Amino acid sequence: MRRGIGLLAMFVLLVVLMAQTLRWYASQSTPAVEPVIVGRAETLVLDAGHGGEDGGAVSLSGVPESQINLAIVQEMDDLFGLYGIAPVLLRDEDVSLHDDDAVTLREKKVSDLKNRVKAIEAVDRAVLLSIHQNTFSDGRYHGAQAFYGLEEGSRQLAASIQNAIQMTIQPDNTRKEKQIPDSVYLMNHISCPAVLVECGFLTNPEEEAKLLDSSYQKKLAAVLVAAWLNYEA
Ligand SMILES: [Zn+2]
């Protein structure tokens, strides 16, 4: 465990150093009269999927994915703080973001998603990272997968995330980043680069145990942060 965290910390540090070096080279080759644009100045929006009455998928032992999604997003927010980055969190507690006039669960879900779209669209130069957990009828399936939206940059961020996860915490994961199906409302109704990460399968006993473990959630968060820093570099 100690060694794993040490390696991960080194990986994160390496990514940060790489990003800084690339920025330095970029600044050196820019003529002095031109303004130097450091990074892409995008604002990361973190979406902990579901929340409140909508728990999303449920793990083998009965834990809703909404709780796991929130725990990972909060860990990411803490880590970003160390780098002086302040992402926008769509939710920071176990709530649904529906309007007061939504009554049925269906109405609340629809209202919640529309409000998430509105909140994302209100952010200038937003990039969305939506955190979810997967399930499947066959318990053998495991491994994270990053799904990218239609806007430019989405696929690159998804690839950065898929690679970072495979290089660190899931070396036996052979999945590839994939385009988001058009049935996913949120990802298909926003105009910014976006990636939805299914962090793992709550229906696989070993992976469920990991996803419920706070130290694994922390590692996952660190890998996602590193992947973002790598993408932004
Ligand atoms: Zn979900």
Side-chain angles (χ1 to χ4, degrees), residues 44-77 87-98 102 104-120 127-139 141-150 154 157-158 161-162 165 169-170 173 175 177-190 192-205 207-214 216-217 220-221 223-224 227:
L44 181 63
V45 178
L46 294 178
D47 171 41
H50 313 280
E53 286 161 79
D54 170 22
V58 180
S59 85
L60 291 173
S61 61
V63 179
E65 67 159 308
S66 57
Q67 284 181 17
I68 304 167
N69 300 339
L70 182 60
I72 293 167
V73 161
Q74 286 172 333
E75 289 289 358
M76 289 177 74
D77 189 37
V88 171
L89 270 57
L90 293 190
R91 69 177 178 96
D92 194 16
E93 49 188 332
D94 187 17
V95 289
S96 161
L97 303 176
H98 61 266
T104 65
L105 187 59
R106 175 77 198 146
E107 283 170 359
K108 286 177 182 175
K109 273 191 184 184
V110 170
S111 172
D112 169 276
L113 288 173
K114 285 186 173 168
N115 285 336
R116 285 183 207 232
V117 167
K118 261 188 240 166
I120 296 160
V127 178
L128 174 73
L129 197 47
S130 185
I131 303 298
H132 285 259
Q133 312 300 320
N134 223 337
T135 53
F136 198 65
S137 51
D138 187 332
Y141 290 87
H142 62 89
Q145 192 160 25
F147 292 85
Y148 51 88
L150 307 174
S154 305
L157 178 56
I161 289 170
Q162 195 71 43
I165 289 173
I169 51 173
Q170 294 180 8
N173 179 344
R175 295 177 187 279
E177 66 275 10
K178 207 173 163 185
Q179 189 174 315
I180 194 82
D182 55 17
S183 55
V184 180
Y185 181 89
L186 182 77
M187 291 287 288
N188 285 282
H189 286 80
I190 51 176
C192 64
V195 173
L196 184 152
V197 186
E198 295 281 7
C199 300
F201 283 79
L202 298 176
T203 38
N204 177 283
E207 197 155 62
E208 184 216 15
K210 285 183 188 172
L211 291 165
L212 293 174
D213 175 38
S214 64
Y216 185 81
Q217 292 169 352
L220 195 51
V223 173
L224 293 172

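Remember, it's 1-based here, ligands and their atoms both numbered in the order they're listed. Since the model is a prediction, treat every value here as computed from it, not as a measurement.
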Aromatic ring pairing Tyr141/Phe201, orientation class (parallel under 30°, perpendicular over 60°, tilted between):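 The rings of Tyr141 and Phe201 sit tilted, inter-plane angle from 30° to 60°.
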Glu53-Ser96 side chain donor-acceptor pair, cut-off 3.5 Å: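 Judged by distance alone, the side chains do not pair up.
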The Zn ion (ligand 1): protein N, O or S atoms that are less than 2.8 Å away, sorted by chain: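 Only His50 NE2, Glu65 OE1, Glu65 OE2, His132 ND1 fall inside 2.8 Å of the Zn ion (ligand 1).
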With Asp182 via salt bridge (Lys or Arg N to Asp or Glu O under 4.0 Å) - residues at least two apart: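 Not a single residue meets the salt bridge (Lys or Arg N to Asp or Glu O under 4.0 Å) criterion with Asp182.
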Salt bridge (Lys or Arg N to Asp or Glu O under 4.0 Å) partners of Glu107, counting only residues at least two apart: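 In terms of salt bridge (Lys or Arg N to Asp or Glu O under 4.0 Å), with neighbours along the sequence ignored, Glu107 is linked to no residue.
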Counterpart residues, ring pair (Phe, Tyr, Trp, His ring centres under 6.0 Å), relative to His132 (two or more places apart):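 Partners of His132 by the ring pair (Phe, Tyr, Trp, His ring centres under 6.0 Å) criterion, ordered by chain and then number, come out as His50.
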Side-chain donor or acceptor of Gln133 paired with backbone N/O of Glu65 under 3.5 Å: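 A pair under 3.5 Å: no.
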